Amino acid sequence: MSEAPFTYTINNLAYDELRPKSEKATLGLWDPSPQTIPGRTRSDEIKVTPKGRSPYVKGLVVYQVDSDESAWVKIGWDIPGHGSINIVNVETSHPEIIAALDGYDGRQDTESITVTVVDARSTKSGGNG
C-alpha cells in the first residue's frame with residue numbers, strides 16, 4: 001500500500017464541534033470522508049489518495065464551527081508530487097478563530113499535517129466584527 005500524498009488530523013481544542021460544510025477533492029479520493037469533530041477532540045487521520053497513476057492531489061475542506069455559518073476553518077492543499085513544491089494553507093473566517101498548522105514541509109512527495117483549532121471569540125453568535 002502506498003503512502004497517501006496528503007494526510008491531515010484536526011486537534012479541535014474549541015468547545016464547539018467542527019462540521020464539514022464543504023469538501024472538494026479536485027484531484028484525489030477521501031479515505032475516510034471528513035466527519036464532524038466533537039469539541040475538545042482530536043480527529044482520526046484523514047487521507048487524500050490519488051485517483052489514478054499520478055501522485056497529484058488537490059482540494060479543500062471547510063469546517064463550520066458549530067451552527068454558526070459565518071464561522072469556519074478552511075484547509076486547502078495542492079500536492080503535485082515528484083519533488084515539486086507543495087502548497088498547504090489554512091484560513092479562518094474570524095481573527096479569534098485560530099487554526100495553527102503543524103508538520104507542513106512543502107518539499108516532500110507527501111504532506112502529513114495537524115491543524116489545531118481554538119475558538120477565542122467571546123460570543124459565538126457571529127456578528128460583523
Side-chain angles (χ1 to χ4, degrees):
M1 181 188 278
S2 66
E3 201 170 312
F6 183 67
T7 304
Y8 75 90
T9 304
I10 295 182
N11 187 16
N12 183 9
L13 297 181
Y15 286 98
D16 293 323
E17 66 186 13
L18 298 174
R19 303 174 184 173
K21 182 176 179 174
S22 66
E23 53 195 65
K24 283 186 206 173
T26 309
L27 296 171
L29 302 168
W30 298 102
D31 180 22
S33 293
Q35 303 292 317
T36 296
I37 305 160
R40 314 295 287 174
T41 304
R42 185 180 184 98
S43 75
D44 291 335
E45 189 174 73
I46 297 174
K47 299 177 183 177
V48 181
T49 58
K51 285 183 181 176
R53 294 182 184 196
S54 170
Y56 198 164
V57 294
K58 181 177 183 177
L60 66 88
V61 61
V62 178
Y63 286 92
Q64 178 177 313
V65 180
D66 200 30
S67 60
D68 185 351
E69 291 187 18
S70 68
W72 47 261
V73 175
K74 182 189 314 182
I75 305 167
W77 60 91
D78 188 342
I79 316 293
H82 300 306
S84 299
I85 300 297
N86 301 326
I87 299 169
V88 176
N89 20 23
V90 177
E91 29 180 317
T92 67
S93 62
H94 192 281
E96 291 181 341
I97 298 174
I98 298 138
L101 173 62
D102 186 36
Y104 171 63
D105 182 296
R107 297 179 185 193
Q108 303 299 318
D109 286 344
T110 63
E111 293 289 345
S112 181
I113 66 162
T114 298
V115 177
T116 299
V117 177
V118 175
D119 185 356
R121 297 174 297 160
S122 59
T123 177
K124 297 189 176 82
S125 63
N128 290 330

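Here the structure is a predicted model, which means the values were calculated and not measured. Sequential numbering from 1 along the given sequence is applied to the chain's residues.
Separating the CG atom in L29 from the NZ atom in K47 is a distance of 13.5 Å, to the nearest 0.5 Å. Here S22 contributes atom OG and K74 contributes atom NZ; the two are 8.0 Å apart, rounded to the nearest 0.5 Å. Separating the CZ atom in R19 from the CD atom in E69 is a distance of 9.5 Å, to the nearest 0.5 Å. Note that OH of Y15 and CG of D119 are 11.5 Å apart. Values are rounded to the nearest 0.5 Å. To the nearest 0.5 Å, atom CH2 of residue W30 and atom OG1 of residue T49 are 10.5 Å apart. Between the CD1 atom in I10 and the CD1 atom in I113 there is a gap of 8.0 Å [rounded to 0.5 Å].
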task: Verify side chain to side chain contact (heavy atoms under 4.5 Å, CB included) between I87 and W77, making sure each step is shown before the conclusion.
output: CA-CA 6 Å; I87 299 169; W77 60 91; over 6 Å; no

message: Show, in sequence, the C-alpha distance, side-chain angles and deciding distance for D16 and R121, and conclude whether the salt bridge (Lys or Arg N to Asp or Glu O under 4.0 Å) test is met.
response: CA-CA 12 Å; D16 293 323; R121 297 174 297 160; 5.2 Å; no

- request: Would you check, one step at a time, whether the test side chain to side chain contact (heavy atoms under 4.5 Å, CB included) holds for L13 with T116?
  value: CA-CA 7 Å; L13 297 181; T116 299; 3.5 Å; yes

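For E45, the CD atom counts as densely surrounded, since its 6.0 Å shell holds more than 12 non-hydrogen atoms of other residues, nucleotides or ligands. For N89, the CG atom counts as densely surrounded, since its 6.0 Å shell holds more than 12 non-hydrogen atoms of other residues, nucleotides or ligands.
Shown here are the salt bridge (Lys or Arg N to Asp or Glu O under 4.0 Å) partners of D105, two or more places apart in sequence or in another chain: there are none.
Residues I79 and V88 have side chains in contact (heavy-atom distance under 4.5 Å, counting atoms from C-beta outward).
Linking Ile, Leu, Val, Met, Phe, Trp and Tyr whenever their side-chain heavy atoms come within less than 4.5 Å puts I46 and Y104 in one cluster.
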Side chains of residues 55-64: which donor-acceptor partners sit under 3.5 Å, not counting sequence neighbours?
| unit_1 | atom_1 | unit_2 | atom_2 | d |
| --- | --- | --- | --- | --- |
| Y56 | OH | D78 | OD1 | 2.7 |
| Y56 | OH | D78 | OD2 | 3.4 |
| Y63 | OH | Y8 | OH | 2.8 |
| Q64 | NE2 | D66 | O | 3.0 |

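Across V115, T36, T41, V65, a single residue satisfies side-chain contact (heavy atoms from CB on, under 4.5 Å) together with L18, and that is V65.
Residues R107 and N86 approach most closely at N-ND2, 4.3 Å, considering heavy atoms. Closest of all the heavy-atom pairs between P50 and S54 is CB-O, 3.0 Å. Looking at every heavy atom in both residues, A120 comes nearest to I98 through CB-CD1, 4.4 Å. Pairing each heavy atom of K21 with each of W72, the nearest pair is NZ-CD1, 4.5 Å. The two residues G106 and E111 come nearest to each other via the heavy atoms N-OE2, 2.6 Å. Taking both residues in full, the closest heavy atoms of A71 and S93 are given as CA-OG, 3.1 Å, listed atom of the first, atom of the second, then distance.
In this structure, the side chain of T9 does not engage the main chain of T114 through any donor-acceptor pair within 3.5 Å. At distances below 3.5 Å, not a single donor-acceptor pair connects side-chain atoms of T92 with backbone N or O atoms of A99. Without hydrogens or angle criteria, N12 side chain to P38 main chain gives a donor-acceptor distance under 3.5 Å. A distance-only check finds a donor-acceptor pair linking the side chain of D109 to the backbone of G83 [under 3.5 Å].
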